[in-house]
Amino acid sequence: MSIELKSNVPAGPLAEKWDRHKFDLKLVNPANKRKHTILVVGSGLAGGSAAATLGELGYNVHCFCYQDSPRRAHSIAAQGGINAAKNYPNDGDSVWRLFYDTVKGGDFRAREANVYRLAQVSVNIIDQCVAQGVPFAREYGGLLANRSFGGAQVSRTFYARGQTGQQLLLGAYSALERQVAAGTVQMHTRTEMLDLIVVDGQARGIVTRDMVSGAVETWFGDAVVLGTGGYGNVFYLSTNAKGCNVSATYRAYKRGAAFANPCFTQIHPTCIPVAGEHQSKLTLMSESLRNDGRVWVPKQKGDTRAPGDIPDAERDYYLERKYPSFGNLAPRDISSRSAKEVCDEGRGVGPGGRGVYLDFADAIARLGEDTIRERYGNLFEMYQRITDEDPYKVPMRIYPAVHYTMGGLWVDYNLMGTIPGLFVIGEANFSDHGANRLGASALMQGLADGYFVLPYTIGNYIATHKLAKVDASHPESRAVVAQVNERMRRLLAVNGTRTVDSFHRELGKLLWEHCGMARNAEGLRTALARIPELRAEFWKDVKVLGTGEELNQSLEKAGRVADFMEFAELMCRDALVREESCGGHFRTEYQTSDGEAKRDDERFAHVAAWEYTGDDSPPVRHVEPLTYENVQLATRSYK
Amino acid sequence: MNLTLHVWRQPDAGSAGRLERYEARGVSPDMSFLEMLDVVNEGLIEKGEAPIAFDHDCREGICGSCGVMINGVAHGPMAGTATCQLHMRSFRDGDEIVVEPWRARAFPVLRDLVVDRSPLDRIIEAGGFISIATGNAPDAHAILVPKQDADSAMDAAQCIGCGACVAACPNASAMLFTAAKVSHLGVLPQGQPERDRRALGMIAQMDLEGFGGCTNYGECTEACPKGISLETIARMNRDFRVASLRARPESAAAAGAP
Ligand code: FES
């Protein structure tokens with residue numbers, strides 16, 4: 001079996017593609033919709049909004065999440081905001097500008113047509129969310145407020161204090177629960193997808209484990225939708241929720257879905273620095289803080305004075321210095337790398353010297369403490385709870401941390417992967433952010449996919465495919481279930497000496513060092529040599545207690561870490577082959593004399609999509625060339 | 001610092017549980033409470049004992065997954081703080097800490113510190129939404145919302161659904177949770193058309209799930225990590241009374257109980 005990467009981008013002018021395509025898509029007769037079952041895995045902004053919308057349309061939907069409620073999906077933690085090309089502030093925004101900013105922000109590694117559609121539907125999202133009762137911030141006149149965000153010079157970000165993700169997710173969740181009450185969606189909580197069932201080349205079902213009883217079950221439908229998020233937790237320490245994992249997408253990869261650009265990971269510039277060995281996760285401080293906070297380090301190496309004792313002349317506001325036109329709002333990859341640089345030079349602050357200041361003193365003097373409290377109060381509180389320092393008085397200390405993954409399962413314009421019937425939405429796919437995502441665009445993409453794109457395109461697939469009935473007695477289903485059970489049996493049988501977490505930590509350190517903010521061939525080769533050894537040690541020495549027939553959190557983790565152990569290798573392979581620097585992928589061998597990323601459009605203006613060929617043979621790298629008909633490939637400059 | 005823990009252990013919903021004693025050594029004040037439990041669990045696994053099961057996910061106080069009773073207080077001693085955001089600097093060397101699951105008839109224990117909070121989802125199903133299908137929305141600026149209303153809606157909408165209010169209430173009532181949603185939607189213009197149905201439906205479901213009634217102890221708001229105020233309950237009671245009086249035929253059917 002070989003994979004063909006057909007993007008299926010419709011013909012015609014960019015601005016008309018989506019409308020024409022919607023007209024060309026075949027419809028499912030409304031009366032027939034309830035005869036079609038759709039399995040939606042994940043209940044975040046993408047999965048939740050998709051399940052709700054498909055239910056409203058009349059499909060028979062099953063939605064699965066590993067949390068105890070769909071309202072807890074990790075989208076909930078997004079703080080800053082959601083972009084939309086509403087141009088309410090009348091500052092020159094447009095669909096075209098949002099499209100251009102996103103393509104440029106992604107360092108010209110995203111598919112033009114997808115990004116344009118994203119910018120187009122962004123305006124519908126805001127309408128939808130307001131109608132649902134999402135309490136966005138308002139001006140005194142009752143109109144919606146906007147703020148600016150990294151990588152843009154217009155104010156197009158809508159927000160609900162520092163909890164925008166929470167409010168948008170609760171909106172999608174309420175729409176979802178409405179459908180649960182209406183009987184169109186059946187919700188399966190504390191249920192984890194362990195594998196994909198492919199029959200006659202089409203995605204037809206999934207295997208799940210009930211995380212309370214341990215029961216392994218199968219579910220079948222006309223299509224499977226994965227809205228299972230990103231793989232940032234491969235690094236162990238990240239801003240992702242503890243449960244976030246790669247298993248659903250990785251299992252789909254092993255069943256034939258191509259995995260695109262796994263090396264494109266985003267390191268967020270403003271997180272609370274690591275405090276010690278016990279650290280279990282990292283906490284993000286919203287990028288919106290960079291609207292009012294100024295980033296600096298001492299000019300002198302090893303300057304240990306308290307921040308207040310360092311006079312202005314002896315501070316280096318390095319983002320303002322290096323990128324005068326964007327300043328503290330430089331995009332994430334650039335801000336992160338700059339922080340690493342100054343810390344590598346020995347100018348970092350705080351314990352261990354891995355931190356930079358984010359200082360609000362000027363903003364407080366200018367706007368008053370009340371205004372700052374109104375804008376960021378909950379973030380300041382969170383910071384204080386974690387660090388025991390008061391950011392109204394002393395500058396925050398921040399450092400970059402893994403936050404988002406732009407790579408994901410390859411999808412065509414219809415958001416369908418290389419397995420027919422397998423749709424992938426939100427962070428789980430690769431399609432819209434190229435090599436770097438702009439702030440406030442993840443929420444936009446999740447909801448665009450779930451509310452406004454997938455419900456159309458999946459209808460076309462269902463309308464144009466006659467599918468035979470499949471149930472648990474199908475040999476393919478039995479085979480997959482047997483493999484799932486065997487894998488769990490093996491994990492439980494090792495009974496070694498090391499905990500799952502200790503392996504996960506070790507893997508994370510290895511990746512952070514060699515496949516993190518800066519990469520090079522030598523380091524990647526080191527990681528590629530070490531990962532298989534570590535994986536072998538894991539399967540020989542991991543200790544998972546208990547049984548599969550009970551609530552067993554170690555077993556859940558073990559299954560996820562086993563997948564991370566394989567996936568990590570794919571990531572490093574991808575990073576090694578991509579001999580250029582672009583967006584979040586910075587190869588130290590490929591940089592300009594002043595340390596900026598050096599793209600190689602001749603050789604790498606393409607998507608790399610990996611095909612699994614077996615555990616003992618290397619994956620095959622396929623290429624989808626990226627052709628830019630509407631924007632000019634340019635060197636990204638924020639100076 | 002060194003601590004002594006007494007942790008509720010219960011293998012599954014059907015078995016009896018009891019408090020077990022564990023020593024937590026070398027705890028750093030910079031650890032979160034859950035990180036302290038992680039360390040205890042690593043030690044237990046190495047000794048071949050089942051680790052303590054507890055719910056958690058975001059570990060930044062927003063998903064509402066975490067939550068345990070710490071020395072009898074929901075989410076522990078620090079006001080406005082979920083268990084995952086509680087740091088060990090709130091404790092002192094030598095402290096004894098009792099860790100138990102949420103206790104409420106409507107929240108059966110599934111294992112150790114993990115309880116079943118699905119009744120909260122069913123309360124939302126019973127009306128915690130605005131009926132607007134995807135694509136039906138008018139332009140966002142067609143609806144003006146006074147800033148004060150948007151702000152007070154947001155105050156109520158911050159609820160993370162952790163269930164601490166239920167656990168803290170001597171009656172195990174879910175009034176604060178329900179009232180937060182009724183208030184969030186009820187102060188917004190978009191929420192007006194379904195305001196009566198919402199209050200009646202959600203309160204009826206709350207009773208059906210076996211939550212207790214509200215007798216104004218106010219423990220709920222004390223325990224709430226997001227500081228949802230008692231005013232939301234007053235507002236919901238008002239909505240409920242008005243809706244019951246109006247007694248539209250459709251809402252009368254939903255109003256099974258006060
Ligand atoms: S783990 Fe998410 S709120 Fe505590």
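Keep in mind that what you see is a predicted model, and the values were worked out from it rather than measured. Sequence lines set the chain letters: A, B, ... in the order given, protein chains first and strands last, and positions in each chain run from 1. Only this structure's heavy atoms are used, side chains among them; waters, hydrogens and symmetry mates stay out.
A cation-pi contact, defined as under 6.0 Å to the ring centre and within 45° of the axis, links A/Arg560 to A/Tyr66.
Heavy atoms closer than 4.5 Å to chain A are found in both the backbone and the side chain of B/Glu60. Neither the backbone nor the side chain of B/Asp12 comes within contact range of chain A, judged by heavy atoms closer than 4.5 Å. Heavy atoms of A/Ser49 lying under 4.5 Å from chain B are absent altogether. Heavy atoms of A/Glu139 lying under 4.5 Å from chain B belong exclusively to its backbone. Interface residue A/Asp68: backbone and side-chain heavy atoms are both found under 4.5 Å from chain B. Contact of A/Gln553 with chain B is made through the side chain alone, with heavy-atom distances under 4.5 Å. Residue contact with chain B, scored on non-hydrogen atoms closer than 4.5 Å, involves the backbone and the side chain of A/Thr283 alike. In this structure, no portion of B/Val187 lies under 4.5 Å from any heavy atom of chain A. A/Phe136 touches chain B through its backbone: at least one of N, CA, C or O sits under 4.5 Å from a heavy atom, while the side chain does not. For chain B, the nearby part of A/Leu282 is the backbone; its heavy atoms alone come within less than 4.5 Å. Within the 4.5 angstrom heavy-atom criterion, no atom of B/Ser118 approaches chain A. At a 4.5 Å heavy-atom cutoff, the contact between A/Ile126 and chain B is made by backbone and side-chain atoms alike. Of the two parts of B/Leu185, only the side chain, counted from C-beta on, holds a non-hydrogen atom closer than 4.5 Å to a non-hydrogen atom of chain A. Only the backbone of B/Val115 comes within less than 4.5 Å of a heavy atom in chain A; its side chain stays farther off. Heavy atoms closer than 4.5 Å to chain A are found nowhere in B/Leu86, neither backbone nor side chain. Only the side chain of A/Gln79 comes within less than 4.5 Å of a heavy atom of chain B; its backbone N, CA, C and O stay farther away. Interface remark: A/Leu143 contributes backbone and side-chain atoms alike to the contact with chain B (heavy atom separation under 4.5 Å). Only the side chain of A/Glu374 comes within less than 4.5 Å of a heavy atom of chain B; its backbone N, CA, C and O stay farther away. Heavy-atom distances place both the backbone and the side chain of B/Gln158 under 4.5 Å from chain A. Contacts of B/Ile52 with chain A are made by backbone atoms alone, with heavy-atom separations under 4.5 Å and no side-chain atom involved. Heavy atoms closer than 4.5 Å to chain B are found nowhere in A/Asn378, neither backbone nor side chain.
Taking the six-membered ring for Trp and the full ring otherwise, the centers of B/His87 and B/Phe33 sit at least 6.0 Å from each other. For B/Phe211 and B/Phe107, the gap between ring centers is short of 6.0 Å.
Between the A/Arg498 side chain and the A/Asp541 main chain, no donor and acceptor come within less than 3.5 Å of each other. Put simply, the side chain of A/Ser174 never gets that close to the backbone of B/Phe129: no donor and acceptor are under 3.5 Å apart. Between the A/His403 side chain and the A/Asn240 main chain, no donor and acceptor come within less than 3.5 Å of each other.
The candidate with the highest count of non-hydrogen atom pairs below 4.5 Å against chain B, out of A/Arg161, A/Gln132, A/Glu550, is A/Arg161. Chain B forms the most heavy-atom pairs under 4.5 Å with one residue out of A/Met382, A/Arg178, A/Glu177, and that residue is A/Arg178. For the set A/Gln163, A/Gln279, A/Lys281, A/Gln179, the count of heavy-atom pairs under 4.5 angstrom toward chain B peaks at A/Lys281. Interface summary for chain A: among B/Asp30, B/Asp121, B/Leu188, the most heavy-atom pairs under 4.5 angstrom belong to B/Asp121. Between chain A and the residues B/Met78, B/Met36, B/Arg89, the largest count of heavy-atom pairs under 4.5 Å involves B/Arg89. For the set A/Asn552, A/Val500, A/Leu551, the count of heavy-atom pairs under 4.5 angstrom toward chain B peaks at A/Leu551. Chain A forms the most heavy-atom pairs under 4.5 Å with one residue out of B/Ala50, B/Ala142, B/Gly135, and that residue is B/Gly135. Note on B/Ala126, B/Gly128, B/Gly48: by heavy-atom pairs under 4.5 Å with chain A, the leading option is B/Gly48. Among the candidates B/Ser90, B/Pro146, B/Ala140, B/Ser32, the residue making the largest number of heavy-atom pairs closer than 4.5 Å to chain A is B/Ala140. Options A/Ile386, A/Ile76, A/Leu144 differ in how many heavy-atom pairs under 4.5 Å they form with chain B, and the most are formed by A/Ile386. Among B/Gly127, B/Gly161, B/Gly61, B/Ala150, the residue making the largest number of heavy-atom pairs under 4.5 Å with chain A is B/Gly161.
The local environment of CD in A/Glu277 is sparse, with at most 12 non-hydrogen atoms from other residues, nucleotides or ligands closer than 6.0 Å. Around the CD atom of B/Glu231, the shell of radius 6.0 Å holds no more than 12 heavy atoms that belong to other residues, nucleotides or ligands.
Salt bridge B/Arg9/B/Asp112: present, at least one basic N to carboxylate O contact under 4.0 Å. Between B/Arg197 and B/Asp239, no side-chain nitrogen of the basic residue sits less than 4.0 Å from a carboxylate oxygen of the acidic one, so the salt-bridge criterion is not met. A salt bridge does not link A/Arg190 to B/Asp116: none of the charged nitrogens lies less than 4.0 Å from a carboxylate oxygen. Between B/Asp55 and B/Arg117 there is a salt bridge, since a side-chain N of the basic residue sits under 4.0 Å from a carboxylate O of the acidic one.
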Q: Output, in order, the C-alpha distance, side-chain angles, deciding distance and verdict of side chain to side chain donor-acceptor pair (under 3.5 Å) for A/Ser280 and B/Glu35.
A: CA-CA 7 Å; A/Ser280 61; B/Glu35 284 169 345; 2.8 Å; yes

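For the residue pair B/Thr232 / B/Ser183, no side-chain donor-acceptor distance below 3.5 Å is found, with atom types taken as modelled.
Contact of the A/Leu545 side chain with the B/Ile45 side chain is registered, since non-hydrogen atoms from C-beta on lie closer than 4.5 Å. Looking only at side-chain heavy atoms (C-beta outward), B/Pro138 and A/Val130 stay at 4.5 Å or farther from each other. Using a 4.5 Å cut-off on side-chain heavy atoms (C-beta onward), B/Lys181 and B/Ile124 make contact. In this structure, A/Val185 and A/Tyr59 have side chains that are not in contact, with every pair of non-hydrogen atoms separated by 4.5 Å or more.
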